[in-house]
Enquirer: 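Pasting in a structure now, in structure tokens, and then I'll have a few things to ask.
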Amino acid sequence: MLVLGIESSCDETALALVRDGVEVVGSLVASQVTVHAKFGGVVPEVAAREHLKVIAPMFRQLLDSSKVRPTDIDLVAVTQGPGLIGAILVGVAYAKGVALALERPLIPVDHVHAHIHGAMLGVSGTEELEFPCLALVVSGGHTNLYLMRSPVHFKLLACSIDDACGECFDKVAKLLELGYPGGPRIEALASHGREGAVAMPRMVSQRSRLEFSYSGLKTFMANYLRQSGQMTDQAKADLCASFQAEALGQIVRKVQEAEKLYPEAKSVLVAGGVAANQRFRQLMSEHVGLPAYFPKLDYCSDNAAMIAAYGYHIYQSKPDDRAAWLSHDWDAYSRYDFAKALNATS
Ligand code: KG4
Ligand code: ZN
């Protein structure tokens, strides 16, 4: 089954064709990083307009480069949320148009869960992957730990009570004036530094044994830099190495804890932008007992192959819902869950 995936939740427009949830036939990503760089962050209105500019030409380019005709597509999957509402609407509207024109089912996909499928794309055939498994999404917006019973069952075990891990990398990089995105720049500097050079704080107060927290580490870094004045290149590298070791070490410790709490877990899937960090991969393989699967570098950050792969599994899990998939009777949702918030206050 050939699935078209469409992703437009933030500052990347991405389209991909994936066969049977595992084989990537074609994958295109157009990053808006340079467009937003001059504003110091992603501007939602600008992001939506950029998606609108490139989405149709990218679809044609994807078909041409993959040597696929529109009618070869069996299913369309699109990011429904969370993300920037204007940006998501562009992808959803385009996906609805393609699905209606081709009379194909359309699967709305949760972007955060889809990241995990980026890691599964690295495994040759999800049959090889044994469930239940632990799954981590470590990105700029989320630090979530799940227990998965199948490719479509996600039980959220823990998330960050404040900043996300990638967000902390970005904020610390900004304090060090390294530019955006911060993660890769800190990793590069850290590779020349000594991890134990600067003692880092460890999070103390938690409501649950698995929760993550990054604001203490960020505040420590802000205070340290304020007090240290001018630093040599080596001192900066040492600081980055020490920070990175603790930012990633916290995740490793939580996964070790989850291994004890959920002994039924057979593997760990790690996804999201921070999964690109090589030191993270090394620490996980050294300190976590379960086999860990990371995405290929192309599928760590936002992409549409993960959307298509997850859409395929959702469709396979509910083949009787074909009529519902053809109705397109749903819409985009943003990061904020208005319905839940209204219920909570009423
Ligand atoms: O998954 P992603 O592309 O976007 C979101 O959905 O948030 O993740 C982006 C995040 C950024 O915070 C970026 O700094 C971080 O992933 N990141 C890294 C590395 N590469 C990207 N963090 C640490 N080390 C890296 N090599
Ligand atoms: Zn993402």
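In each ligand, atom 1 is the first atom listed, and ligand 1 is the first ligand listed. Numbers here simply count residues along the sequence, with the first being 1.
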Enquirer: Tell me which protein heavy atom sits closest to atom 3 (O) of ligand 1, plus the residue, atom name and distance to 0.1 Å.
Expert: S301 CB, 3.1 Å
Enquirer: Should G140 be counted as touching ligand 1, given the test is an N or O pair under 3.5 Å?
Expert: yes
Enquirer: Side-chain heavy atoms under 4.5 Å apart, restricted to Ile/Leu/Val/Met/Phe/Trp/Tyr: what other residues fall into the cluster of L297, or is it alone?
Expert: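 Same cluster as L297: nobody, lone residue.
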Enquirer: Check the angle between the aromatic planes of F169 and F243 and answer parallel, tilted or perpendicular using the 30° and 60° thresholds.
Expert: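 It falls in the perpendicular class, over 60°.
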Enquirer: Say whether S215 and D163, considering side chains only, have a donor N or O and an acceptor N or O under 3.5 Å apart.
Expert: no
Enquirer: Any idea which atoms of ligand 1 are less than 4.0 Å away from a heavy-atom of G166?
Expert: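 By the 4.0 Å cutoff, the relevant atoms are 12 (O).
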Enquirer: For atom 6 (O) of ligand 1, which protein heavy atom lies nearest, and how many Å away is it?
Expert: D302 OD1, 3.5 Å
Enquirer: Taking atom types as modelled and ignoring hydrogens, do the side chains of D74 and Y312 form a donor-acceptor contact shorter than 3.5 angstrom?
Expert: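 Side-chain D/A pair, D74 to Y312: absent.
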Enquirer: Would you say F212 and L136 make side-chain contact, with heavy atoms under 4.5 Å?
Expert: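 They are in side-chain contact.
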Enquirer: Could a heavy atom of H115 be found less than 4.0 Å from some atom of ligand 1?
Expert: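 H115: in contact with ligand 1 (<4.0 Å).
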Enquirer: With a 4.5 Å cut-off on side-chain heavy atoms, are R202 and R253 touching?
Expert: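 When only atoms from C-beta onward are counted, R202 and R253 do touch, with a gap below 4.5 Å.
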Enquirer: For G182, take its heavy atoms, then give the atoms of ligand 1 lying under 4.0 Å from any of them.
Expert: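 Answer for ligand 1: 14 (O).
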Enquirer: With a 4.5 Å limit on heavy-atom distance, are the side chains of T13 and E50 in contact?
Expert: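 They are not in contact (no side-chain heavy atoms under 4.5 Å apart), so the answer is no.
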Enquirer: Starting from atom 24 (N) of ligand 1, locate the nearest protein heavy atom and write down its residue, its atom name and how far away it is, to 0.1 Å.
Expert: N277 ND2, 3.0 Å
Enquirer: Quick one: name the protein N/O/S atoms under 2.8 Å from the Zn ion (ligand 2), chain by chain.
Expert: H111 NE2, H115 NE2, D302 OD1
Enquirer: Starting from the C-alpha separation in whole Å, work towards a yes-or-no answer on salt bridge (Lys or Arg N to Asp or Glu O under 4.0 Å) for K254 and E257.
Expert: CA-CA 5 Å; K254 298 292 175 164; E257 194 69 16; over 6 Å; no
Enquirer: Walk me through whether D233 and K236 qualify under salt bridge (Lys or Arg N to Asp or Glu O under 4.0 Å).
Expert: CA-CA 5 Å; D233 286 349; K236 274 190 190 173; 5.3 Å; no
Enquirer: Using a strict cut-off of 4.0 Å, indicate which atoms of ligand 1 neighbour a heavy atom of G141.
Expert: 7 (O)
Enquirer: Parallel under 30°, tilted from 30 to 60°, perpendicular over 60°: which one fits the rings of F59 and Y94?
Expert: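 Geometry flag for Y94 against F59: perpendicular rings.
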Enquirer: Give me the nearest non-hydrogen protein atom to atom 22 (N) of ligand 1 as residue plus atom name, then the distance to 0.1 Å.
Expert: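 Among all protein heavy atoms, the one nearest atom 22 (N) of ligand 1 is G183 CA, 3.3 Å.
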Enquirer: Looking only at protein heavy atoms, which one is nearest to atom 15 (C) of ligand 1, and what is the separation?
Expert: V274 CG2, 4.0 Å
Enquirer: Using a strict 4.0 Å cut-off to heavy atoms of D170, name the atoms of ligand 1 that fall inside it.
Expert: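 Those of ligand 1 that fall under 4.0 Å from D170 are 11 (C), 12 (O), 13 (C), 14 (O).
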Enquirer: Quiz question: by atom type and distance under 3.5 Å, do the side chains of E7 and H111 form a donor-acceptor pair?
Expert: yes
Enquirer: Is a side-chain N or O of S242 found less than 3.5 angstrom from the main chain of E195, in a donor-acceptor match?
Expert: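 Looks like yes, one N/O pair under 3.5 Å.
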Enquirer: Tell me the protein heavy atom at minimum distance from atom 26 (N) of ligand 1, and give that distance in Å.
Expert: E187 OE1, 2.7 Å
Enquirer: What protein heavy atom sits nearest atom 21 (C) of ligand 1, and how far off is it?
Expert: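 For atom 21 (C) of ligand 1, the nearest protein heavy atom comes out as G273 O, 3.4 Å.
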